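Only one structure is covered here, and it is reproduced in the block below.
None of the values given here were measured: they were computed from a predicted structure.
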Amino acid sequence: MFPLTADSVVNLAFLVTIVLPFYLHWNPAPYGKFTKDGGVFCGAKMNAKLGWMIQECPAFFITLFHLDFSLPLPILIPLCLFTAHYFNRSFIFPFLMTSSNPTPLETVVSAFGFCTFNGFLQVTFLLRLHSTDNALSVIQILGVLIFVCGAVINISADSHLRELAARRVGKQYLTPTKGVFKLVSAANYFGEIVEWWGYAAVAQTRAALWFAVFTSVFLGQRGCQAHSYYRSKIEDYPAGRRAVIPYLI
């Protein structure tokens with residue numbers, strides 16, 4: 001029988017991530033501009049703010065429950081970074097949302113399951129580290145700085161998108177023009193990708209590496225889809241703007 005261990009689970013997660021782009025090519029995650037009717041729950045929807053809070057909060061509560069400030073810094077710091085990110089996504093971001101459109105129940109349930117799985121996976125790998133050193137390495141310090149830079153990009157990009165949504169008339173899309181949006185269409189996704197690579201550098205676990213890879217694949221592909229969508233909807237959309245990664249993709 002195939003042994004179900006933390007290592008075998010993360011191995012399986014890597015395999016799923018390899019297949020993911022092929023699935024997402026034909027089936028973009030059904031939220032935001034790619035929301036669609038039907039699905040597992042027959043098109044059932046719920047309040048977007050409540051749905052977002054419900055789907056993200058498992059990751060926050062799982063890591064919060066395991067926070068112990070007596071842990072060595074190489075374990076404590078990545079736990080704190082993960083918890084802080086999901087505090088923002090669970091209890092700040094939803095209440096700043098401007099859209100009144102309901103979100104598919106299918107999206108909430110699947111995201112809830114993913115955040116629960118990922119929260120337990122990250123905690124499991126971090127707490128099994130046998131670190132006796134209470135200092136961060138140079139790479140880990142750089143990882144913290146990268147995480148913070150990514151968080152700033154992500155939060156500021158979300159803020160700019162809310163500004164545009166408040167000015168939007170009907171279904172007309174406005175071109176984002178501030179910050180990293182000058183370089184890419186999905187600056188918010190780029191910021192989050194940067195965040196999780198910073199986290200991976202701090203945590204230095206296979207689970208953290210998988211999550212950085214998964215985020216890059218999932219948000220990278222969604223960013224490319226959003227880029228194509230914007231170019232088809234906005235006549236004077238900047239021709240030289242990339243999709244997700246400045247100057248590259």
Side-chain angles (χ1 to χ4, degrees), residues 2-18 52-94 111-156 158 188-220:
F2 185 75
L4 188 62
T5 65
D7 287 299
S8 63
V9 168
V10 82
N11 288 340
L12 181 60
F14 271 112
L15 290 176
V16 171
T17 303
I18 293 173
W52 196 279
M53 182 178 68
I54 290 172
Q55 72 187 36
E56 302 286 316
C57 72
F60 168 74
F61 284 118
I62 290 167
T63 48
L64 180 67
F65 179 79
H66 290 90
L67 270 182
D68 179 352
F69 289 95
S70 65
L71 289 168
L73 287 180
I75 301 174
L76 177 62
I77 296 301
L79 271 177
C80 287
L81 295 178
F82 192 91
T83 306
H85 172 88
Y86 278 101
F87 175 78
N88 174 59
R89 301 303 282 182
S90 302
F91 304 112
I92 298 178
F93 177 81
F112 180 91
F114 176 83
C115 287
T116 301
F117 165 77
N118 190 38
F120 278 117
L121 191 68
Q122 300 304 322
V123 165
T124 298
F125 273 82
L126 283 170
L127 294 184
R128 76 179 193 175
L129 293 174
H130 301 292
S131 177
T132 56
D133 191 355
N134 203 36
L136 298 181
S137 68
V138 173
I139 291 177
Q140 289 173 313
I141 293 172
L142 288 174
V144 172
L145 296 176
I146 292 170
F147 180 93
V148 172
C149 287
V152 170
I153 293 170
N154 175 255
I155 292 171
S156 61
D158 282 337
N188 50 337
Y189 296 159
F190 171 67
E192 189 161 350
I193 290 170
V194 171
E195 271 189 81
W196 294 122
W197 280 105
Y199 167 78
V202 182
Q204 298 185 4
T205 66
R206 294 180 67 238
L209 176 61
W210 162 74
F211 189 35
V213 172
F214 174 88
T215 303
S216 300
V217 171
F218 181 78
L219 292 185

#### Entry: Interatomic distance, Thr83 atom OG1 to His66 atom NE2 [nearest 0.5 angstrom]
10.5 Å

### Message
Parallel, tilted or perpendicular, judged at 30° and 60°: which one describes the rings of Phe114 and Phe211?
### Response
tilted

### Non-hydrogen side-chain atoms of Glu195 and Ile153 separated by less than 4.5 Å
no

### Message
Could you measure the distance from the CZ atom of Phe61 to the SG atom of Cys115? Nearest 0.5 Å is fine.
### Response
12.5 Å

### Query
For Phe65, does the CZ atom have more than 12 heavy-atom neighbours from other residues, nucleotides or ligands under 6.0 Å away?
no

### Query
Do Asn188 and Glu192 have a side chain donor and acceptor closer than 3.5 Å?
no

### Task
Compute both the distance and the angle, then confirm whether Arg128 meets the cation-pi test with Phe125: under 6.0 Å from the six-membered ring centre, within 45 degrees of the axis.
yes

### Query
Quick one: CG on Asn88 to CG on Asp158, what's the gap to the nearest 0.5 Å?
8.0 Å

### Query
Do the ring planes of Phe87 and Phe60 sit parallel (below 30°), tilted (30 to 60°) or perpendicular (above 60°)?
tilted

### Query
Is Leu67 close to Thr63 at the side-chain level, that is, under 4.5 Å between some pair of heavy atoms?
no

### Message
Give me the atom names and distance for the closest heavy-atom approach of Ala203 to Ala208.
### Response
CB-CB, 3.7 Å

### For the student: nearest non-hydrogen atoms of Ile75 and Leu129, plus distance
CD1-O, 3.6 Å

### Summary
All heavy atoms of Ala207 vs all of Val10, minimum pair found to be CA-CG2, 3.9 Å

### Query
Roughly how far apart are Phe214 CZ and Thr17 OG1, rounded to 0.5 Å?
6.0 Å

### Task
Could you tell me the separation between the OG1 atom of Thr215 and the OH atom of Tyr199, rounded to the nearest 0.5 Å?
10.5 Å

### Summary
In terms of heavy-atom contacts, Ala135 and Gln140 come closest through O-OE1, 4.3 Å

### Message
Under a 3.5 Å cutoff, is there a donor and acceptor pairing between the side chains of Ser70 and Asp68?
### Response
yes

### Task
For residues Ile77 and Phe82, determine if any side-chain heavy atom of one lies less than 4.5 Å from a side-chain heavy atom of the other.
no

### Message
I need the minimum non-hydrogen distance between Gly220 and Ile193, along with the two atoms involved.
### Response
N-CD1, 4.1 Å

### Query
Minimum heavy-atom separation for Val213 to Trp197, with atom names?
CG2-CH2, 3.9 Å

### Message
Are there over 12 heavy-atom neighbours, none belonging to Ile139, within less than 6.0 Å of that residue's CD1?
### Response
no

## Note on the structure
Value for CG (Leu126) from CG (Leu71), rounded to nearest 0.5 Å, stands at 9.5 Å

### Non-hydrogen side-chain atoms of Val152 and Phe147 separated by less than 4.5 Å
no

### Query
Are Tyr86 and Ile62 close enough that some pair of their side-chain heavy atoms sits under 4.5 Å apart?
no

### Message
Within the structure provided, determine whether Glu56 and Phe91 are in side-chain contact (heavy-atom separation under 4.5 Å).
### Response
no

### Message
Using 30° and 60° as the class boundaries, would you call the ring planes of Trp210 and Phe117 parallel, tilted or perpendicular?
### Response
perpendicular

